[in-house]
*Asks:* 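The structure's right below; bear with me while I get my questions together.
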Amino acid sequence: MPRNLLYSHLSSHLSPFRTSVTSAKVAVNGVQLHYQQTGEGGHAVLLLPGMLGSGETDFGPQLKNLNKKLFTVVAWDPRGYGHSRPPDRDFPADFFERDAKDAVDLMKALKFKKVSLLGWSDGGITALIAAAKYPSYIHKMVIWGANAYVTDEDSMIYEGIRDVSKWSERTRKPLEALYGCSLTVSPGWNAVA
């Protein structure tokens, strides 16, 4: 594809105008879930963040730049993350399934008939489970950085990233702004992986 045609195709999905981003909470499955929403398009897209992430920290560029005439974009904070606290995050054995149900029920509470999912890392795993459990509700998916199973090597990597102070400043600072300087990775997160 010629370079100018590729740019034209890609830029057609960028926002031709700016609309505001609304921020709110809604009661879903016994908790108050925070979300941000922008756009007026007929294609609803839910953005699912990774571990410790939020719509704000993981998907700022997508909230800002996806075409607002084509898409209605919703970025959520899963229970216990970001602005969906309290409660603090916990990790029962079925937390990915719980997140998938929360995500689908959030979008239903917002009155969307069908949605597409963009999932990063743990959000990608959640999106895959949502698509498997609610196939008639999920239109399309883009998933990256997700895993289907955890190897012994993965477990060693997870243990190595537990010390947040060793993370790069670029990764750590937005999360410290959201959670405070006492940011920690829950021991339960690795135990279920």
Side-chain angles (χ1 to χ4, degrees), residues 23 25 28-36 45-63 73-107 115-134 138 140-193:
S23 180
K25 286 188 176 187
V28 175
N29 301 327
V31 296
Q32 291 288 318
L33 294 179
H34 176 263
Y35 68 94
Q36 294 175 290
V45 178
L46 177 62
L47 309 176
L48 297 101
M51 179 196 68
L52 294 176
S54 69
E56 173 182 352
T57 61
D58 287 11
F59 293 108
Q62 289 79 10
L63 282 166
V73 181
V74 176
W76 81 315
D77 298 351
R79 68 170 67 204
Y81 281 162
H83 299 290
S84 291
R85 297 174 295 143
D88 287 335
R89 184 69 173 181
D90 64 344
F91 295 92
D94 67 343
F95 76 95
F96 284 124
E97 287 83 0
R98 179 185 66 190
D99 286 352
K101 179 169 177 35
D102 285 350
V104 166
D105 289 348
L106 167 68
M107 296 304 278
V115 301
S116 290
L117 306 174
L118 271 68
W120 150 244
S121 190
D122 281 5
I125 297 168
T126 299
L128 290 167
I129 292 169
K133 288 187 165 260
Y134 312 97
I138 307 306
K140 295 180 179 184
M141 292 191 311
V142 175
I143 306 299
W144 67 106
N147 54 350
Y149 58 90
V150 178
T151 66
D152 289 339
E153 182 182 2
D154 292 331
S155 291
M156 288 174 34
I157 291 168
Y158 295 154
E159 194 57 41
I161 64 170
R162 186 172 307 285
D163 185 354
V164 177
S165 70
K166 294 180 181 174
W167 293 8
S168 73
E169 185 173 330
R170 179 176 175 249
T171 301
R172 191 181 68 251
K173 286 295 181 189
L175 295 173
E176 286 178 343
L178 187 61
Y179 294 104
C181 290
S182 61
L183 175 66
T184 59
V185 176
S186 168
W189 177 71
N190 190 16
V192 296

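All values below were derived from every heavy atom in this structure, side-chain atoms included, with hydrogens, water molecules and symmetry-related copies excluded.
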*Asks:* To the nearest 0.5 Å, what is the distance between CG on L47 and OH on Y35?
*Replies:*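 Interatomic distance, L47 CG to Y35 OH, rounded to 0.5 Å: 14.0 Å.
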
*Asks:* Looking at every heavy atom in both I138 and A130, which two are closest together, and how far apart are they?
*Replies:*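 Of all heavy-atom pairs spanning I138 and A130, the closest is CG1-O, 4.0 Å.
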
*Asks:* Which heavy atom of L48 sits nearest a heavy atom of A103, and at what distance?
*Replies:*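 For L48 versus A103, the nearest heavy atoms are CD2-CB, 4.1 Å.
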
*Asks:* Roughly how far apart are M141 CE and L118 CG, rounded to 0.5 Å?
*Replies:*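 Atom-to-atom, M141:CE and L118:CG are 10.5 Å apart.
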
*Asks:* Looking at D94 and K101, is any side-chain nitrogen of the basic one under 4.0 Å from a carboxylate oxygen of the acidic one?
*Replies:*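 No, K101 and D94 are not salt-bridged.
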
*Asks:* Using modelled atom types and a 3.5 Å cut-off, is there a donor and acceptor pairing between side-chain atoms of S84 and backbone atoms of H34?
*Replies:*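 Checking the backbone N and O of H34 against the side chain of S84, a donor-acceptor pair under 3.5 Å is found.
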
*Asks:* R98 and side-chain hydrogen bond (donor to acceptor under 3.5 Å, both in side chains): which partner among N29, T126, D90?
*Replies:*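 For R98, the side-chain hydrogen bond (donor to acceptor under 3.5 Å, both in side chains) test succeeds with only one of N29, T126, D90, which is D90.
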
*Asks:* Please say whether more than 12 non-hydrogen atoms of neighbouring residues, nucleotides or ligands are located less than 6.0 Å from NZ in K25.
*Replies:*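 Counting neighbours around NZ of K25, more than 12 heavy atoms of other residues, nucleotides or ligands fall under 6.0 Å, so yes.
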
*Asks:* Decide whether D154 and T151 meet the rule of one side-chain donor and one side-chain acceptor closer than 3.5 Å.
*Replies:*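 Yes, a side-chain donor-acceptor pair sits under 3.5 Å.
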
*Asks:* Quick check for you: to the nearest 0.5 Å, what is the distance between L117 atom CG and I143 atom CD1?
*Replies:*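 Separation between the atoms: 6.5 Å.
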
*Asks:* Main chain of G82, side chain of Y179: is a donor-acceptor contact present, judged purely on distance under 3.5 Å?
*Replies:*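 Looks like yes, one N/O pair under 3.5 Å.
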
*Asks:* So which heavy atom on S121 is nearest to which on G50, and how close?
*Replies:*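 Heavy atoms of S121 and G50 come nearest at CB-CA, 3.9 Å.
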
*Asks:* Atom OG1 of T57 and atom OH of Y81: how far apart are they, to the nearest 0.5 Å?
*Replies:*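 Going from OG1 on T57 over to OH on Y81, the span is 10.5 Å.
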
*Asks:* Is it true that a side-chain atom of D77 and a backbone atom of G55 form a donor plus acceptor pair closer than 3.5 Å?
*Replies:*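 It does hold such a pair.
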
*Asks:* How long is the gap from CG on L63 to CG on D58, to the nearest 0.5 Å?
*Replies:*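 So the gap between those two atoms works out to 10.5 Å.
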
*Asks:* Minimum heavy-atom separation for L178 and S54, please, with both atom names.
*Replies:*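 Nearest pair, atom of L178 first, then S54: CD2-OG, 3.6 Å.
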
*Asks:* Check whether any side-chain heavy atom of V73 sits under 4.5 Å from a side-chain heavy atom of Q36, and report yes or no.
*Replies:*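 A side-chain contact under 4.5 Å is absent here.
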
*Asks:* Return the CG to CG distance between L46 and L106, rounded to the nearest 0.5 Å.
*Replies:*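 If we round to the nearest 0.5 Å, L46:CG and L106:CG are 6.5 Å apart.
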
*Asks:* Compare every heavy atom of N147 with every heavy atom of V150, then report the nearest pair and how far apart it is.
*Replies:*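 Minimum heavy-atom contact is CG2-ND2, 3.8 Å.
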
*Asks:* Measure from the side-chain N and O atoms of W167 to the backbone N and O of I161, and report whether any donor-acceptor pair falls under 3.5 Å.
*Replies:*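 Yes: the side chain of W167 pairs with the backbone of I161.
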
*Asks:* Does R89 reach the main-chain N or O of R79 with its side chain, forming a donor-acceptor pair under 3.5 Å?
*Replies:*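 Yes; judged by distance alone, with no hydrogens or angles, the pair exists.
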
